[in-house]
Amino acid sequence: MLRDVRITLKFPLVMICFALLAALVTGIVAYLQATSALHDAAKSKLYVLLEWREHGLSRYFETIENELVFHTQSPLIRNSFAELNTAWEQIDGDREAYFQEKYILKNPYHDGQKFKYLVAPDGSYYSALHEKYHPTFNTLIVTANFYDIFFINPDGNIIYTALKENDFATNVLTSNKSSGLAHAFELAVQNKNKRPPVFSDFHPYAPSNDAPAGFIAKAVFDDNHELLGVLAFQISIEMINSIMQVTAGMGETGETYLVGADKTMRSDSRFFTNSILTRTVDTASVRLALSGEEGVQVTDDYRNIPVYSAFKPLDIMGVRWAVLAEVDEAEVVKPVSQLSRYLVVIGIALGVLIAVLGYILATDLSSPILSMVGTMQRLAANDLNTNVSVSDRKDEVGLMAAALISLKEFATDRELLRQQLSHMANHDALTELQNRKAALEHLEALVEDAQSNLRTSVSILFCDLDGFKAVNDQLGHDFGDEVLKTISKRFRICLDEGDFLARLGGDEFLVVLHHAKDDDSVVRKARAIIGALDTPFGRDGLPVSLGVSIGIASYPSDGKKISSLLKSADSAMYLAKSGGKNRFAYASDLKQIEAV
């Protein structure tokens with residue numbers, strides 16, 4: 001067809017046609033790959049955010065569950081329950097009217113501030129107890145982030161609350177029989193102490209002006225296993241919202257929220273206030289999550305807007321909620337839409353300028369596009385060190401490069417999150433030392449190396465603090481935590497850069513040393529660790545002295561397996577304690593004792 005066309009025209013024409021075809025195909029491939037990668041990145045990021053919210057909620061409810069179990073077993077709660085029960089019974093006549101008059105109607109503080117009222121001037125035994133315990137319980141709900149605390153006697157009478165709302169002194173089985181508090185009370189007293197803490201889902205609660213209220217409760221028993229009553233906490237909505245309404249990483253339209261079994265929200269929407277129990281969310285994602293499934297899909301949300309929706313179930317003490325993280329589809333595909341529009345623009349521009357620019361224009365367009373395809377492929381292979389260059393061009397090539405930068409940022413954020421999770425899994429949260437899991441992995445690697453290198457040995461120092469339990473019991477866990485941090489720093493100073501220090505848990509530490517055989521550094525470092533605790537710890541101007549007992553075991557003389565090596569070091573540590581504490585002992589000493 002082009003036989004009679006001159007080569008000076010045919011060659012540019014053929015080159016231009018092939019260049020245009022290549023540019024067209026490359027553009028389509030780049031568009032499809034960018035679209036797919038962008039969608040996958042958005043889904044992955046959304047699911048990671050969902051897991052963070054689910055993890056935060058689980059930790060919050062686990063914390064308040066442990067808090068409730070602790071307080072139901074504490075002498076303070078048991079004693080106050082017994083005394084308040086006695087004081088309640090000493091009031092004759094209509095107790096509800098009496099206590100509401102003394103602590104609500106004649107309370108000098110306004111609604112929302114009535115918890116500040118310390119004692120009613122009636123001279124009763126109850127008021128004396130109220131003056132004694134009320135500051136402690138007020139402090140408890142503030143520090144533990146609860147809305148209110150309830151003492152309910154076995155008959156269902158609310159004999160104490162901190163906030164003094166209208167439910168104080170009422171009977172949950174008669175006055176508020178259909179409330180969530182009554183439901184929590186009935187669940188708590190069933191099967192008595194055999195049941196763990198129970199949770200009553202959020203419902204409108206009349207004494208709190210019909211605001212949504214959820215309750216967690218557990219029965220309280222005396223030393224003779226007789227029922228004293230039920231301790232209940234009203235859960236703070238603000239704490240749940242603070243977990244769910246973190247906007248970091250959610251863009252302009254993203255939000256995370258909770259939905260209960262009745263298909264209404266359990267946390268406020270980012271875009272609508274007062275959403276709890278008032279906004280119905282009956283979407284496909286909610287139904288799947290409540291049925292126990294999890295995943296990410298594109299579907300309509302409760303506003304009938306297409307969204308990317310990540311969902312999974314959350315089970316809290318027998319109550320199932322749906323956790324959702326969603327972002328508008330339009331926001332996710334916005335870079336793709338921009339990319340498609342500029343691809344059309346460049347096609348028209350190429351058609352207009354083809355006769356003038358010819359081969360130069362085709363080459364100028366195909367080269368950077370192909371380069372970006374290679375960049376996307378490397379990013380798809382998780383090569384996050386790939387540089388995405390952005391030229392000064394204002395056409396779609398520059399926009400494609402910008403889209404690639406966004407894609408790389410998504411991938412980089414995900415990799416950073418993975419590294420953070422890995423760090424949390426291998427380090428002790430209090431001291432930032434590596435934990436038992438990391439210690440065992442490091443020890444296993446050193447043992448494998450020692451098996452092939454007969455000139456080296458591996459020794460472990462099993463360190464257990466002497467007298468630390470008394471510090472915790474007498475001075476409190478907060479001071480104990482600060483002591484552990486200081487001890488970790490002192491131990492680290494005693495070791496060389498290549499030595500390994502881990503906290504196994506509680507007041508136990510493990511030192512792993514990789515050294516040449518017949519090296520005396522093990523003894524020197526053990527003595528340095530013991531000497532590191534010679535300086536006492538100060539508390540209110542008073543010295544607090546601790547010691548450390550160390551058990552030393554070496555591979556392979558004291559054990560050829562990790563478990564046997566740890567056991568030998570542990571036994572040697574107990575030998576050091578039995579010999580007077582604040583010293584070290586060798587596992588080989590045990591063999592000599594056994595031989596004798």
Side-chain angles (χ1 to χ4, degrees), residues 39 42-58 60-61 147 179-180 183 199-205 208-216 234-333:
H39 289 187
K43 289 181 178 180
S44 178
K45 179 182 178 182
L46 201 61
Y47 193 77
V48 169
L49 291 171
L50 177 73
E51 288 188 318
W52 272 103
R53 301 297 190 274
E54 187 267 343
H55 178 67
L57 286 168
S58 296
Y60 169 66
F61 278 100
Y147 179 80
S179 68
H183 180 61
F199 173 58
S200 178
D201 201 352
F202 283 88
H203 293 285
Y205 189 56
S208 297
N209 298 318
D210 283 327
F215 301 89
I216 179 172
Q234 185 171 343
I235 296 174
S236 171
I237 294 174
E238 286 73 16
M239 282 300 300
I240 295 178
N241 280 338
S242 68
I243 295 172
M244 297 304 297
Q245 292 186 344
V246 177
T247 59
M250 299 303 300
E252 296 180 359
T253 62
E255 65 171 334
T256 54
Y257 57 92
L258 297 167
V259 179
D262 59 356
K263 309 290 180 61
T264 62
M265 284 190 173
R266 293 298 188 271
S267 64
D268 284 319
S269 167
R270 175 183 177 184
F271 307 107
F272 303 98
T273 58
N274 301 321
S275 305
I276 301 176
L277 300 180
T278 62
R279 186 165 296 276
T280 300
V281 185
D282 189 7
T283 62
S285 295
V286 168
R287 291 191 292 272
L288 288 171
L290 291 178
S291 66
E293 299 186 39
E294 59 181 87
V296 183
Q297 63 180 2
V298 179
T299 184
D300 289 347
D301 69 355
Y302 60 91
R303 303 166 298 167
N304 294 320
I305 295 176
V307 294
Y308 277 72
S309 177
F311 57 89
K312 68 184 309 184
L314 174 65
D315 293 317
I316 306 170
M317 290 173 272
V319 176
R320 171 165 289 179
W321 287 348
V323 190
L324 297 99
E326 295 178 341
V327 63
D328 288 2
E329 183 183 23
E331 181 176 352
V332 175
V333 302

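Quick caveat, the model's predicted, so the values are computed rather than measured.
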Could you check if a side-chain atom of [X] sits within less than 4.5 angstrom of a side-chain atom of [Y], using non-hydrogen atoms only?
| X | Y | value |
| --- | --- | --- |
| R279 | D268 | no |
| Y60 | I240 | yes |
| H183 | H203 | no |
| R287 | K263 | yes |

Hey, what do you get for [atom1] ([X]) to [atom2] ([Y]), rounding to the nearest 0.5 Å?
| X | Y | atom1 | atom2 | value |
| --- | --- | --- | --- | --- |
| F199 | I316 | CZ | CD1 | 5.5 Å |
| T247 | L49 | OG1 | CG | 11.0 Å |
| D301 | D328 | CG | CG | 6.5 Å |
| E329 | H39 | CD | NE2 | 7.0 Å |
| T278 | F272 | OG1 | CZ | 10.5 Å |
| Y47 | W52 | OH | CH2 | 14.5 Å |

>> By the definition side-chain contact (heavy atoms from CB on, under 4.5 Å), identify the one residue from M265, R303, R266 that meets it with V281.
In response: M265

> In a check of side-chain contact (heavy atoms from CB on, under 4.5 Å) between L50 and each of H55, K312, E326, K45, which one passes?
Replying inline: K312

> Which heavy atom in T299 sits nearest to a heavy atom in S285, and how many Å separate them?
Replying inline: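 The pair with the smallest heavy-atom distance is CG2-OG, 3.6 Å.
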
> Between L314 and S58, what is the shortest heavy-atom contact and its length?
Replying inline: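 So the minimum-distance heavy-atom pair works out to CD1-OG, 3.5 Å.
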
Are the side chain of [X] and the backbone of [Y] linked by a donor-acceptor contact shorter than 3.5 Å?
| X | Y | result |
| --- | --- | --- |
| E252 | E331 | no |
| S267 | L258 | yes |
| R320 | A261 | no |

>> Would I216 and F61 count as a side-chain contact (heavy atoms from CB on, under 4.5 Å) here? Give the steps.
In response: CA-CA 10 Å; I216 179 172; F61 278 100; 6.0 Å; no

>> Applying side-chain contact (heavy atoms from CB on, under 4.5 Å) to V332 and K43, what does each step give before you reach the verdict?
In response: CA-CA 10 Å; V332 175; K43 289 181 178 180; over 6 Å; no

Go through the side-chain N and O atoms of [X] and [Y] and say whether any donor and acceptor fall under 3.5 Å apart.
| X | Y | result |
| --- | --- | --- |
| T280 | D282 | no |
| S269 | S275 | no |
| Q297 | S309 | no |
| Y147 | E238 | no |

>> Test side-chain contact (heavy atoms from CB on, under 4.5 Å) on M244 and V323; report intermediate values, then the result.
In response: CA-CA 9 Å; M244 297 304 297; V323 190; 4.1 Å; yes

> Between I237 and I276, is a side-chain contact (heavy atoms from CB on, under 4.5 Å) present by the stated rule, with each step listed?
Replying inline: CA-CA 9 Å; I237 294 174; I276 301 176; 3.2 Å; yes

>> Tell me whether the rings of F202 and W321 are parallel (<30°), tilted (30 to 60°) or perpendicular (>60°).
In response: tilted

